[in-house]
Amino acid sequence: MNILVLNGSPKGTDSNTMLLTNTFIKGLNKKSENNIEVINISKKHIEHCLGCLKCLEDPEKKCIINDDISEITEKYLNSDLAIWSFPIYHHGVPSKMKAIIDRLLPCISDCFKYIIFNNDIDGKPNELGHKGKDMIISTYGLPYKTQNYDAVISQFSQICGKKGFEKIICSSLINIQNEQYQVEIEEYLYDIYLAGIEYSTTGFFSKNTREKLEREIFTQEFLKNSLKSFFWVY
């Protein structure tokens with residue numbers, strides 16, 4: 001399986017989000033070795049979308065801006081699984097990842113159909129769209145996952161359309177390097193590892209796995225008692 005990891009953290013390989021992503025990939029590779037490629041978005045030259053829609057007029061759906069989006073587009077289209085790995089910044093993805101999402105307009109199948117076929121999302125499929133699966137793996141320092149992830153989940157629901165996407169969302173991630181919290185962190189990471197093994201076999205998460213991944217690592221009572229020493233970790 002060709003797996004593309006789009007690492008959207010400005011911290012690159014030192015990202016705590018990538019710790020979760022790498023743990024999941026380790027589980028994926030438990031039974032069979034996959035072809036893994038990680039693109040650190042912070043290292044790439046990505047201009048902002050101009051909104052000209054020239055890409056939709058081009059037969060090959062290429063952008064008129066000459067930067068690293070061509071490389072990313074090709075690898076995205078050829079991936080069996082695209083993992084969007086990122087921290088939450090102000091209720092959304094980091095700005096450079098948002099620029100890539102904007103520039104990938106022609107390869108996002110349902111989004112493309114929505115524009116071209118006047119809301120008829122059951123119309124002719126986009127032959128140049130991404131045929132693989134998508135997954136988001138994301139972290140956020142503060143509690144209350146639903147409040148902070150509503151916009152991102154809604155956005156990816158529109159992007160992925162009927163094919164949907166899996167997700168691993170970890171909020172309340174208090175200082176992952178702090179030994180005081182290692183038991184809780186290690187238990188959660190092990191669940192992510194097991195989720196990777198399951199996904200490599202079934203291509204989705206079971207209900208039981210989703211419940212484990214969606215649980216809060218720390219109780220609300222613990223968080224309230226820890227707010228004075230709390231700091232954001234991405």
Side-chain angles (χ1 to χ4, degrees), residues 1-9 11-41 71-88 93 97 100-101 104 107-110 125 129-140 145 149 152-153 155-171 173 176 182-217 234:
M1 184 162 57
N2 291 322
I3 300 174
L4 176 66
V5 177
L6 294 165
N7 177 15
S9 174
K11 292 186 177 181
T13 56
D14 294 328
S15 164
N16 285 335
T17 311
M18 278 302 295
L19 174 60
L20 273 62
T21 301
N22 288 331
T23 301
F24 178 75
I25 290 173
K26 185 178 179 181
L28 279 177
N29 287 336
K30 173 66 175 178
K31 293 185 177 180
S32 61
E33 198 69 23
N34 298 284
N35 179 30
I36 312 289
E37 181 164 4
V38 178
I39 294 179
N40 291 307
I41 293 175
E71 171 197 358
I72 294 174
T73 299
E74 180 180 0
K75 292 177 178 178
Y76 178 65
L77 289 175
N78 290 328
S79 66
D80 299 305
L81 172 64
I83 299 177
W84 302 79
S85 177
F86 58 90
I88 283 289
V93 300
M97 177 168 275
I100 286 179
I101 291 174
L104 285 177
C107 344
I108 298 173
S109 180
D110 280 2
H130 181 228
K131 304 300 190 298
K133 297 181 178 181
D134 292 87
M135 176 181 295
I136 65 173
I137 299 180
S138 182
T139 58
Y140 188 62
K145 189 180 300 180
Y149 276 93
V152 164
I153 291 174
Q155 181 179 36
F156 275 89
S157 295
Q158 294 295 324
I159 290 172
C160 299
K162 291 181 178 179
K163 69 177 182 178
F165 63 97
E166 290 288 6
K167 61 183 182 296
I168 299 175
I169 293 174
C170 180
S171 62
L173 193 61
I176 203 169
Q182 285 309 293
V183 172
E184 292 85 353
I185 295 296
E186 290 298 328
E187 287 178 351
Y188 188 75
L189 289 175
Y190 185 65
D191 286 337
I192 293 177
Y193 170 74
L194 294 178
I197 296 177
E198 178 182 80
Y199 191 90
S200 68
T201 304
T202 65
F204 60 90
F205 294 150
S206 65
K207 179 181 178 181
N208 182 55
T209 295
R210 287 196 182 101
E211 289 176 352
K212 288 182 178 180
L213 296 177
E214 290 174 2
R215 78 180 192 278
E216 298 291 352
I217 299 178
Y234 299 117

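What you see is a predicted model; the values in this text were computed from it and never measured.
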**Asked** What pairs with E187 under salt bridge (charged side-chain N to carboxylate O under 4.0 Å, His left out), at least two apart in sequence or on another chain?
**Response** none
**Message:** On a heavy-atom basis, which atom in G8 and which in I41 lie closest, and how many Å separate them?
**Reply:** CA-CD1, 3.9 Å
**Message:** Rounded at 0.5 Å granularity, tell me how far OG in S79 sits from CD in E37.
**Reply:** 10.0 Å
**Request:** Taking atom types as modelled, find out whether T17 and S85 have a side-chain donor-acceptor pair closer than 3.5 angstrom.
**Result:** no
**Message:** Under a 3.5 Å distance rule, please check whether Y140 uses its side chain to pair with a backbone N or O of P87 as donor and acceptor.
**Reply:** no
**Fill in**
Value for CD1 (I25) from OH (Y193), rounded to nearest 0.5 Å, stands at 13.5 Å
**Item:** Residue pair N40 / T13, side-chain heavy-atom distance below 4.5 Å
**Value:** yes
**Asked** If you look at every heavy atom in Y76 and H130, which pair is closest and at what distance?
**Response** O-CD2, 3.0 Å
**Message:** Does any part of the side chain of T139, heavy atoms only, come nearer than 4.5 Å to the side chain of L19, both counted from C-beta?
**Reply:** no
**Request:** State, yes or no, whether a side-chain contact exists between T73 and L104 at a heavy-atom distance under 4.5 Å.
**Result:** yes
**Asked** If we only count heavy atoms from C-beta on, is the F24 to I83 side-chain gap below 4.5 Å?
**Response** yes
**Prompt:** If only atom types and distance count, is the side chain of D80 paired as donor or acceptor with the main-chain N or O of N2 below 3.5 Å?
**Reply:** yes
**Side-chain heavy atoms of F205 within contact of M135, under 4.5 Å** = yes
**Message:** Y188 vs I168, test: side-chain contact (heavy atoms from CB on, under 4.5 Å). Steps then yes/no.
**Reply:** CA-CA 11 Å; Y188 188 75; I168 299 175; 3.9 Å; yes
**Asked** Is the count of non-hydrogen atoms from other residues, nucleotides or ligands lying under 6.0 Å from E211 atom CD greater than 12?
**Response** yes
**Request:** May I have the step-by-step check of side-chain contact (heavy atoms from CB on, under 4.5 Å) for I100 and V93, ending in yes or no?
**Result:** CA-CA 11 Å; I100 286 179; V93 300; over 6 Å; no
**Asked** How many angstroms lie between OG1 in T23 and CG in L194, if you round to the nearest 0.5 Å?
**Response** 11.0 Å
**Message:** So L20 and L189, do their side chains get closer than 4.5 Å, heavy atoms only?
**Reply:** yes
**Asked** Parallel, tilted or perpendicular: which describes the rings of F86 and F156, with under 30° parallel and over 60° perpendicular?
**Response** parallel
**Prompt:** Of all residues at least two apart in sequence or in a different chain, which pass the salt bridge (charged side-chain N to carboxylate O under 4.0 Å, His left out) check with E198?
**Reply:** none
**Request:** Among V5, N7, I72, find the one that has a side-chain contact (heavy atoms from CB on, under 4.5 Å) with I39.
**Result:** I72
**Prompt:** Which value, rounded to the nearest 0.5 Å, describes the distance between K26 atom NZ and I192 atom CD1?
**Reply:** 12.5 Å
**Request:** Measure the spacing between OG of S15 and CG of N22 and express it to the nearest 0.5 Å.
**Result:** 9.0 Å
**Fill in**
Taking every heavy atom of K133 against every heavy atom of Y199, the minimum-distance pair comes out as CD-OH, 3.2 Å
**Message:** I'd like to check K131 versus K163 (side-chain heavy atoms, cut-off strictly below 4.5 Å). Are they in contact?
**Reply:** no
**Prompt:** If only atom types and distance count, is the side chain of N29 paired as donor or acceptor with the main-chain N or O of N34 below 3.5 Å?
**Reply:** yes
**Request:** Starting at OG of S206, measure out to CG of L213 and round the result to the nearest 0.5 Å.
**Result:** 9.0 Å
